[in-house]
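Please read these numbers as outputs of a predicted model, since none were measured by experiment. Sequence lines set the chain letters: A, B, ... in the order given, protein chains first and strands last, and positions in each chain run from 1.
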Protein chains: 2
Amino acid sequence: MDVPAIDEALEKLPSHEATYRRLRDMVLFGELAPGQAVTIQGLTEKLESGMTPVREAIRRLTAEGALEFQDNRRVCVPRLTAAQLEELAFAKLALEPHLTCLALRNATPQSIAHVAAIDAELDTAIAAGDVSGYLRHNYRFHFAIYDIADAPILTAIAQSLWLRFAPSLRVVCGRIGTDNLPDQHTEAVAAMRANDADALRQAIIEDMTQGIQQVRLALANGKI
Amino acid sequence: MDVPAIDEALEKLPSHEATYRRLRDMVLFGELAPGQAVTIQGLTEKLESGMTPVREAIRRLTAEGALEFQDNRRVCVPRLTAAQLEELAFAKLALEPHLTCLALRNATPQSIAHVAAIDAELDTAIAAGDVSGYLRHNYRFHFAIYDIADAPILTAIAQSLWLRFAPSLRVVCGRIGTDNLPDQHTEAVAAMRANDADALRQAIIEDMTQGIQQVRLALANGKI
DNA sequence: CTTTCACATATATGATCAAAATTAAACGGG
DNA sequence: CCCGTTTAATTTTGATCATATATGTGAAAG
């Protein structure tokens, strides 16, 4: 039950879906910076896709808040204002701790072990100072838990929140390295093993609060 | 500074944007029932638009949860499960009362009067038993407040929640008429005038809870 | 009941048109 | 004469459409 290579898995999907996922990952894992413009033609070359699939991927990501129409019908990665960051902070704290706790209903030793394995990969990336790996495994950690929760609507909203948050977090990571980044994951895994909802909620709240605070500081200093 | 007629306003937009808005309104205001299938070709005729704009509108609305891909590549309006309704209920109560209260920061006598005017139209629709008018003005009421709140990210999430909720609410309205539908709007307007955040939050919580409860009952009875 | 074939539908391409940005040139004030 | 502004030409980019391809659906035949 090994995971097939990424490109191999994408081959079997319709082009618009594969294009969407590749572009989404570019936003999530730091290939696109806040404020950066994207063009349809540029993406057709970079993603080796036709114009129609690229346009549809852009529409979807725009609807999810990962991209933004400008007045002049160009598209770019949104730059967060301080007010918008507070909106994100509220929504993340209002939804994601709850969503994480929903996973306890369905968690099994196997599924918890899977989450723990991702946490181990995350620790490796942190130790190596691998910013891109940190972002990728941090995302995988939280959404592996959301998969267990089996709550598609809340997970979709969380996805949108991460898409809006990721580019700014990427900038912060690049500045401060991986050492000072949030990692309450060990506590979270322990709470899952103990089936302790309160401790799990607290770990996730602290994890998110730390990340938000880092972005808040960078934003206040005009570094984003 | 008069508002142009709706069709006139849509004329000036790119076709894919106008198509998106028309299709969105069809979902919001009850022209499409839960489970109903939509085809690209059918929409090109109904919306008098080309194939490309329709496809892009469908992609956007799918990302917002208003439509859903099926395993075969057809598209339909999602049918809520009981579990998904509870997800929606949680998210609505976690976000929308807060978002409503944010409006108090920016509310002016003029903007409150505008909200009150919509409430009057809503009452007229209720008195007339006009289900479509109820849905439309109820939406306008809440989103007029969200406009005042000036919180684009939370408002976008609320939009997605309404898109997911509306088709089921439409079914309920058609069954029970307009008399038993939630209307804590008078209390909400009064709370806004009094700048009373606690009363405002309470009015909105009760308003949403009533609507959710109606859908919950209908869903439990298999009427949706 | 399965296979096959025809039809309906979705997917994807490339061409064409329209709009906007960019560059280049012309102009005028200092 | 120089610099900033405006205006015109070029080029890039986005929007839309017509069409070709691929896929899934359903009906008819074996």
- Task: Using a strict 4.0 Å threshold on nitrogen-to-oxygen distance, state whether Arg140(B) and Glu121(B) make a salt bridge.
- Result: yes
Please state how far atom [atom1] in [X] lies from atom [atom2] in [N], giving the value in whole angstrom units.
X: His16(A); N: dA22(D); atom1: NE2; atom2: C1'; result: 13 Å
X: Met51(A); N: dT19(D); atom1: CE; atom2: C1'; result: 15 Å
X: Glu56(A); N: dG14(D); atom1: CD; atom2: P; result: 16 Å
X: Glu17(A); N: dT11(C); atom1: CD; atom2: P; result: 10 Å
X: Ile58(A); N: dT13(D); atom1: CD1; atom2: P; result: 13 Å
X: Arg55(A); N: dT11(C); atom1: CZ; atom2: P; result: 16 Å
X: Glu45(A); N: dG14(D); atom1: CD; atom2: P; result: 11 Å
X: Arg59(B); N: dA12(C); atom1: CZ; atom2: C1'; result: 11 Å

- Does the Glu17(B) side chain pair with the main chain of Pro14(B), one donor and one acceptor, at a distance under 3.5 Å? no
- Query: Mind checking whether His142(B) and Tyr146(B) have parallel, tilted or perpendicular rings, split at 30° and 60°?
  - Reply: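 The rings of His142(B) and Tyr146(B) sit tilted, inter-plane angle from 30° to 60°.
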- Message: Can you pull out the residues from residues 61-77 of chain A that lie within a 4.0 Å heavy-atom distance of DNA chain D?
- Response: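 Hits under 4.0 Å, by residue number: Arg73(A), Arg74(A).
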- Note on the structure: 5'-most contact on DNA chain C (nearest-nucleotide basis), Thr52(B) vs Val38(B), goes to Val38(B)
Pair up each side-chain donor or acceptor in residues 161-175 of chain A with any protein partner under 3.5 Å, not counting sequence neighbours, and list the distances.
from: Trp162(A); atom 1: NE1; to: Glu96(A); atom 2: OE1; distance (Å): 2.8
from: Trp162(A); atom 1: NE1; to: Glu96(A); atom 2: OE2; distance (Å): 3.2

- Query: Base, sugar-phosphate, or nothing: which does Ser15(A) touch, judged by heavy atoms less than 4.0 Å apart?
  - Reply: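 Sugar-phosphate contact only.
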- Task: Scan for ring pair (Phe, Tyr, Trp, His ring centres under 6.0 Å) pairs involving residues 72-106 of chain B, sequence neighbours excluded, and state none if there are none.
- Result: Phe90(A)-His98(B), His98(A)-Phe90(B)
- Message: Considering only residues two or more places apart or on different chains, which pairs with a residue in residues 29-76 of chain B satisfy ring pair (Phe, Tyr, Trp, His ring centres under 6.0 Å)?
- Response: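 Sorted pair list: Phe29(B)-Tyr139(B).
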- Query: Is there any salt bridge (Lys or Arg N to Asp or Glu O under 4.0 Å) pair reaching into residues 67-88 of chain B, and which pairs are they, with sequence neighbours excluded?
  - Reply: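 Those involving residues 67-88 of chain B are Glu86(B)-Arg216(B).
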Below 3.5 Å between N/O atoms, which protein atoms pair up with nucleotides 8-11 of chain D? Just atom names and distances, please.
none

- 4.5 Å side-chain heavy-atom contact, Asp119(B) and Val115(B):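 Side-chain contact under 4.5 Å: no.
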- Evaluate the side-chain proximity of Met26(A) to Val38(A): yes if any heavy-atom separation is below 4.5 Å, no if none is.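 Result no, sub-4.5 Å side-chain heavy-atom pair not found.
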- Thr39(B) side chain: which of dA12(C), dT9(C), dG14(D) is closest? dT9(C)
